[in-house]
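For reference, the structure is listed below as structure tokens.
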Amino acid sequence: MNHQTIGDHDRATRLTPEDLAALRESLHEQRLFRQEQLRQIAAAATSRADALLQQQAASQIEVRVELAASARMVLADVEAALARLDDGSYGACHLCRRPIARERLEIVPQARYCARCQQVREAGR
């Protein structure tokens, strides 16, 4: 590997302070979205609970429960990413410890794993 290739790789993975600020903002926006989503789901479930139980099929209630569970999982991932930003460990893969590519973090700012390790984890399921 020549020095030019190493330099290109560093630029592709190294997060600048501006990158970190943009990623933090994206995570904050996701957190607010998921918190509001959970509030709306809870409000619908409590304010019209009797009517919903009478009018909706069990499958519709199950969808709402699954949506809330999914929103809680994403919110937990976002909160964990914000904690990693605060403690300085953000951007490192939890498995191989190599930097996660900037492009991946821009798409999935709460990513815990580099693309390679994520593929390995998904293949093992």
Side-chain angles (χ1 to χ4, degrees):
M1 188 183 270
N2 65 37
H3 293 293
Q4 181 63 35
T5 305
I6 293 170
D8 291 344
H9 178 71
D10 286 348
R11 276 192 295 279
T13 57
R14 185 175 296 134
L15 295 171
T16 67
E18 293 80 13
D19 293 333
L20 290 171
L23 290 163
R24 182 183 295 273
E25 180 62 28
S26 177
L27 288 163
H28 279 294
E29 289 172 9
Q30 282 194 51
R31 177 169 59 185
L32 290 173
F33 173 79
R34 295 302 175 178
Q35 288 171 334
E36 179 59 25
Q37 184 181 32
L38 288 167
R39 273 193 293 273
Q40 289 176 4
I41 291 168
T46 57
S47 68
R48 297 177 286 150
D50 292 337
L52 286 173
L53 288 173
Q54 293 171 2
Q55 296 172 0
Q56 292 183 332
S59 63
Q60 290 173 316
I61 294 169
E62 185 177 328
V63 167
R64 188 175 63 233
V65 168
E66 288 178 14
L67 183 62
S70 176
R72 280 191 293 274
M73 282 180 22
V74 173
L75 180 57
D77 287 345
V78 167
E79 295 284 1
L82 287 166
R84 290 192 304 275
L85 271 168
D86 290 340
D87 72 17
S89 64
Y90 184 81
C93 178
H94 279 222
L95 289 178
C96 70
R97 302 294 181 212
R98 287 187 218 130
I100 300 171
R102 179 190 302 125
E103 293 79 16
R104 176 163 168 72
L105 291 171
E106 288 171 351
I107 295 166
V108 186
Q110 69 271 25
R112 294 174 188 259
Y113 307 103
C114 67
R116 189 178 128 268
C117 289
Q118 183 68 42
Q119 288 175 344
V120 169
R121 285 179 48 83
E122 290 174 3
R125 288 184 184 166

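Taking hydrophobic clusters as Ile, Leu, Val, Met, Phe, Trp and Tyr residues chained together by side-chain heavy-atom distances below 4.5 Å, Val74 shares a cluster with Leu27. Neither Met73 nor Leu67 shares a network with the other; the hydrophobic side chains, linked directly or stepwise wherever heavy atoms of I, L, V, M, F, W or Y lie under 4.5 Å apart, form separate groups for each.
Residues Tyr90 and Leu23 form a side-chain contact, since some pair of their non-hydrogen atoms from C-beta on lies under 4.5 Å apart. Contact of the Leu75 side chain with the Gln30 side chain is not registered, since no non-hydrogen atoms from C-beta on lie closer than 4.5 Å. Between Leu95 and Arg121 the shortest side-chain heavy-atom distance falls below 4.5 Å. Within the 4.5 Å cutoff, side-chain heavy atoms of Leu32 are placed close to those of Gln35. Side-chain contact between Cys96 and Cys114 is present, with at least one heavy-atom pair separated by less than 4.5 Å.
Atom CZ in Arg72 sits 13.5 Å away from atom CG in Asp77 (nearest 0.5 Å). Here the straight-line distance linking atom CD1 of Ile100 with atom OH of Tyr113 works out to 9.5 Å at 0.5 Å rounding. The structure places CG of Leu105 at 10.0 Å from OG of Ser26, a figure rounded to the nearest 0.5 Å. To the nearest 0.5 Å, the span separating CZ on Arg98 from SG on Cys117 amounts to 6.5 Å.
Of the possible donor and acceptor atoms, one in the side chain of Arg102 sits under 3.5 Å from a partner among the backbone N and O of Arg14.
No hydrogens or angles considered: nothing links the side chains of Gln119 and Arg116 as a donor-acceptor pair under 3.5 Å.
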Exercise. Take Arg112 and Gln118, measure what side-chain contact (heavy atoms from CB on, under 4.5 Å) needs, and give me the verdict at the end.
Key: CA-CA 8 Å; Arg112 294 174 188 259; Gln118 183 68 42; over 6 Å; no
With a cut-off of 3.5 Å and sequence neighbours excluded, list every side-chain donor-acceptor pair involving residues 79-88.
| residue | atom | partner | partner atom | Å |
| --- | --- | --- | --- | --- |
| Glu79 | OE1 | Arg31 | NH1 | 3.1 |
| Arg84 | NH2 | Gln110 | O | 3.2 |
| Arg84 | NH2 | Ala111 | O | 3.4 |
| Asp86 | OD1 | Arg24 | NH1 | 3.0 |
| Asp86 | OD1 | Arg24 | NH2 | 3.3 |
| Asp87 | OD1 | Ser89 | N | 2.9 |
| Asp87 | OD1 | Ser89 | OG | 2.6 |

